[in-house]
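Shown next, in structure tokens, is the structure this report addresses.
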Amino acid sequence: MNNLHVYNSLSRTKEVFTPVTEGHAGMYVCGPTVSGESHLGHARPYVTFDVIYRYLMHLGYKVRYVRNITDAGHFEEEGRAAEDKISKKAILEKLEPMELVQKYTNLFHWAMQQFNTLPPSIEPTATGHIVEQIGMIETIIKAGFAYVVNGSVYFDVKKYAASYDYGKLSGRVIDDLLETTRDLEGQEEKRDKTDFALWKNAAPEHIMRWQSPWGIGFPGWHIECSAMATKYLGSRFDIHGGGMDLLFPHHESEIAQSTICNHEAPVRYWIHNNMITINGRKMGKSYNNVIKLTELFSGNHPLLGKAYHPMTIRFFILQTHYRSTLDFSNDALLAAEKGLKRLWEAYENLKKLKTEAVELSNEPGDPEQEARVVKFLSAFPQFMNDDFSTARVLASMFELAPLINSMKDKIIPVTSLSKNTLEQLHNEFKIYLEDILGLKGINDADNEKLQGIMQLLMDIRKVAKGKKDFVTSDKIRNQLLELGILLKDEKGGEMSWTID
RNA sequence: GGUCCUUUGGCCGAGUGGCUAGGCAAAGCUCUGCAAAAGCUUCUACAGCGGUUCGAAUCCGCUAGGGACCUCCA
């Protein structure tokens with residue numbers, strides 16, 4: 001259980017994972033802001049931390065995975081733009097704020113399901129935890145690290161930095177920050193430019209608003225995560241995840257808030273995934289280069305040559321280490337799609353082989369092949385334990401694909417592996433491919449009627465082939481191909497099919 | 001401007017001080033009624049220049065390119 005090494009953004013090194021509470025793991029991941037549709041960039045953290053969640057459970061930890069829904073909206077602190085993002089858009093679309101929130105929350109959940117991510121243990125909303133947030137702000141004021149101005153509350157970063165290390169996560173130096181932070185309007189309320197809002201006084205046109213000890217307003221962005229993480233995971237928990245772009249100021253500020261309230265640094269291991277780029281540039285709304293998930297699934301985007309299955313996207317993400325940037329392109333997705341298909345077919349073949357092998361006695365296999373299997377299988381956990389190197393697990397699986405396919409095609413005998421080894425191979429593939437990496441086959445061939453029809457067509461074609469009636473046999477194959485069904489002849493006159 | 005990261009073969013990408021990931025694409029071969037699939041084989045890279053070392057793509061320095069954060073951002 002203790003071989004897991006994770007890269008901690010705090011120390012910038014890989015550390016042995018030792019949970020706060022033996023046998024348990026608490027993980028908080030910054031969830032979506034449901035003011036708009038999710039795009040490809042958003043998919044990465046949720047897939048990444050889904051695999052981490054699954055792997056921790058695989059290791060036997062009892063995991064509590066908390067991922068919030070930001071439905072109160074982050075406000076922009078500067079001047080006239082100081083409006084709640086969600087309420088602003090609600091006016092434009094003439095929708096109730098909560099109607100908008102509901103719509104995008106549903107869409108988000110739908111997308112997460114498409115990606116086969118497991119739902120988190122708790123999915124708290126920011127609006128549902130206003131009380132907790134106000135409570136934390138009061139504590140911070142009482143401790144002397146926040147001040148009230150015109151119904152707004154700000155965190156006193158300079159004062160905090162005098163006793164604590166503000167910048168230890170992001171590597172910032174407070175003096176540099178004081179000089180480099182942009183001088184924008186509307187900041188006159190703050191004592192220092194680095195101070196951030198804990199509570200913001202609501203302008204009259206601001207729809208989302210709550211009563212607080214400082215008047216009517218809405219909470220700051222950073223406080224929501226601190227409040228919900230503390231509530232459900234305690235003052236010190238194991239993992240906090242999110243995109244690298246949240247390192248500063250969001251996570252840095254979370255540390256400051258929680259440290260004041262709970263008298264200890266909140267998180268043991270900070271894990272950050274890198275960005276998805278497009279032409280080398282971060283995909284993000286500020287760059288206007290996003291590809292929405294719905295566009296990805298439908299192919300309805302100028303940069304896409306076709307629609308992509310959610311599993312292709314998941315595979316695409318997992319083929320790269322989570323801390324590297326991942327460059328999007330249609331070609332890259334096309335390659336991922338083919339790769340996944342190939343790997344999955346090998347896995348399907350393995351299932352068949354395993355079923356057939358039930359009849360075999362447990363003769364020893366070819367020592368060379370046995371050793372090969374053992375070598376690659378033993379590498380799976382090693383790779384995952386080394387900071388969740390999903391890319392290397394997948395590469396190892398590809399290494400085993402030729403062996404599996406050769407056995408299935410009878411190029412080499414099935415007895416090249418002992419029954420035990422074959423079963424073990426199958427089990428490990430199942431565990432890593434399905435349970436841990438969370439992948440599924442793209443083809444939905446579970447439909448019984450379709451199975452029956454296909455069997456019928458294949459039987460007819462076999463007869464035709466036997467009579468050398470290639471007109472009929474080709475007609476069946478070609479027409480199926482037009483429908484997107486690929487019929488493949490196999491050794492010994494057998495056939496198989498896949499949906500393209 | 002400040003802080004940090006990065007640069008791998010046609011493309012995407014893993015990784016390590018010495019044992020040349022993997023996928024996609026391409027070419028050849030085998031199998032096959034034909035095709036597809038599959039199998040086998042080929043293409044052998046680590047930005048440039050210096051340094052450390054018996055040995056560096058991997059460590060250090062410089063140069064050049066790219067990027068992230070410093071503002072909402074996954």
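Sequence lines set the chain letters: A, B, ... in the order given, protein chains first and strands last, and positions in each chain run from 1.
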With a 4.5 Å limit on heavy-atom distance, are the side chains of His250(A) and Cys225(A) in contact?
yes
For a 4.5 angstrom cut-off between non-hydrogen side-chain atoms, does Leu107(A) reach Ser38(A)?
no
Once you apply a heavy-atom cut-off of 4.0 Å, does [X] come out as touching a base, just sugar-phosphate, or nothing?
| X | answer |
| --- | --- |
| Asn478(A) | nothing |
| Gly41(A) | base |
| Ser324(A) | sugar-phosphate |
| Asn273(A) | base |
| Lys408(A) | nothing |
| Thr320(A) | sugar-phosphate |
| Leu343(A) | nothing |
| Phe248(A) | sugar-phosphate |
| Leu247(A) | nothing |
| His272(A) | nothing |
| Asp327(A) | sugar-phosphate |
| Arg323(A) | nothing |

Roughly how many Å apart are [M] and [N], using the [atom1] atom of each and rounding to a whole number?
| N | M | atom1 | answer |
| --- | --- | --- | --- |
| G22(B) | G61(B) | C1' | 33 Å |
| G66(B) | C60(B) | P | 23 Å |
| A25(B) | G18(B) | C1' | 32 Å |
| U58(B) | G9(B) | P | 15 Å |
| U44(B) | U20(B) | P | 15 Å |
| G15(B) | A21(B) | P | 13 Å |
| C11(B) | G48(B) | C1' | 23 Å |
| U42(B) | G1(B) | P | 50 Å |

Do Thr325(A) and Asn274(A) have side-chain atoms, one donor and one acceptor, less than 3.5 Å apart?
no
Will you find, in the side chains of Asn68(A) and Glu123(A), an N or O donor that is under 3.5 Å from an N or O acceptor?
no
Between [N] atom [atom2] and [X] atom [atom1], what is the distance in whole Å?
| X | N | atom1 | atom2 | value |
| --- | --- | --- | --- | --- |
| Phe316(A) | C11(B) | CZ | P | 16 Å |
| Trp344(A) | G22(B) | CH2 | P | 22 Å |
| Ile174(A) | C70(B) | CD1 | P | 15 Å |
| His222(A) | U71(B) | NE2 | C1' | 11 Å |
| Tyr432(A) | G22(B) | OH | P | 21 Å |
| Asn274(A) | C69(B) | CG | P | 10 Å |
| Tyr322(A) | G13(B) | OH | C1' | 17 Å |

Nearest to the [X] side chain among [options], which nucleotide is it?
| X | options | value |
| --- | --- | --- |
| Lys488(A) | A35(B), A36(B), A74(B) | A36(B) |
| Ile411(A) | G39(B), G33(B), A14(B) | G39(B) |
| His321(A) | A14(B), G33(B), A38(B) | A14(B) |
| Ser406(A) | G39(B), C70(B), A38(B) | G39(B) |
| Ala332(A) | A38(B), C34(B), C12(B) | C12(B) |

Restricting to non-hydrogen atoms, name the atom on Asp489(A) and the atom on Arg461(A) that form the minimum distance, rounded to 0.1 Å.
OD1-NH1, 2.8 Å
Where is the tightest heavy-atom contact between Gln133(A) and Pro219(A), given as atom of each residue plus distance?
OE1-CB, 3.2 Å
On the 0 to 90° scale, with breaks at 30° and 60°, tag the Tyr166(A)-Tyr160(A) ring pair as parallel, tilted or perpendicular.
perpendicular
N/O donor-acceptor pair, side chain Arg477(A) with base A35(B), under 3.5 angstrom:
yes
Walking RNA chain B from its 5' end, the first of Ala395(A) and Arg461(A) to be reached, judged by nearest nucleotide, is Ala395(A)
Mind pulling the stems RNA chain B is in, i.e. runs of at least three Watson-Crick or G-U pairs, everything under 3.5 Å?
B:1-7 with B:64-70, B:10-12 with B:22-24, B:26-30 with B:38-42, B:47-51 with B:59-63
Within 6.0 angstrom of [X] [atom1], more than 12 heavy atoms from elsewhere:
| X | atom1 | value |
| --- | --- | --- |
| Lys306(A) | NZ | yes |
| Lys351(A) | NZ | yes |
| Lys158(A) | NZ | no |
| Lys292(A) | NZ | no |

Using atom names, set out every protein N or O paired with an N or O of nucleotides 23-29 of chain B below 3.5 Å, distance rounded to 0.1 Å.
from, atom 1, to, atom 2, distance (Å)
A25(B), OP1, Lys338(A), NZ, 2.5

What pairs with His251(A) under ring-ring contact (aromatic ring centres under 6.0 Å, His included), at least two apart in sequence or on another chain?
His240(A), Trp270(A), His272(A)
Matching residue for Phe115(A) among Phe108(A), Phe297(A), Tyr46(A), Tyr308(A) - test: ring-ring contact (aromatic ring centres under 6.0 Å, His included):
Phe297(A)
Provide a list of protein-nucleic acid N or O atom pairs under 3.5 angstrom, restricted to nucleotides 63-68 of chain B.
from, atom 1, to, atom 2, distance (Å)
A68(B), OP1, Lys282(A), N, 3.4
A68(B), OP1, Tyr287(A), OH, 3.2

For Lys440(A), what residues pass the side-chain hydrogen bond (donor to acceptor under 3.5 Å, both in side chains) criterion, not counting sequence neighbours?
none
Pairs of donor and acceptor atoms involving the side chains of residues 377-388 of chain A, under 3.5 Å and at least two apart or interchain, shall be tabulated with distances.
from, atom 1, to, atom 2, distance (Å)
Ser378(A), OG, Val374(A), O, 3.1
Ser378(A), OG, Lys375(A), O, 2.9
Asn385(A), OD1, Tyr55(A), OH, 2.9
Asn385(A), ND2, Pro381(A), O, 3.3
Asp386(A), OD1, Lys14(A), NZ, 2.8
Asp386(A), OD2, Arg392(A), NH2, 2.7
Asp387(A), OD1, Tyr7(A), N, 3.0
Asp387(A), OD1, Tyr322(A), OH, 2.7
Asp387(A), OD2, His321(A), NE2, 3.3
Asp387(A), OD2, Tyr322(A), OH, 3.3
Asp387(A), OD2, Arg323(A), NE, 3.0
Asp387(A), OD2, Arg323(A), NH2, 2.8

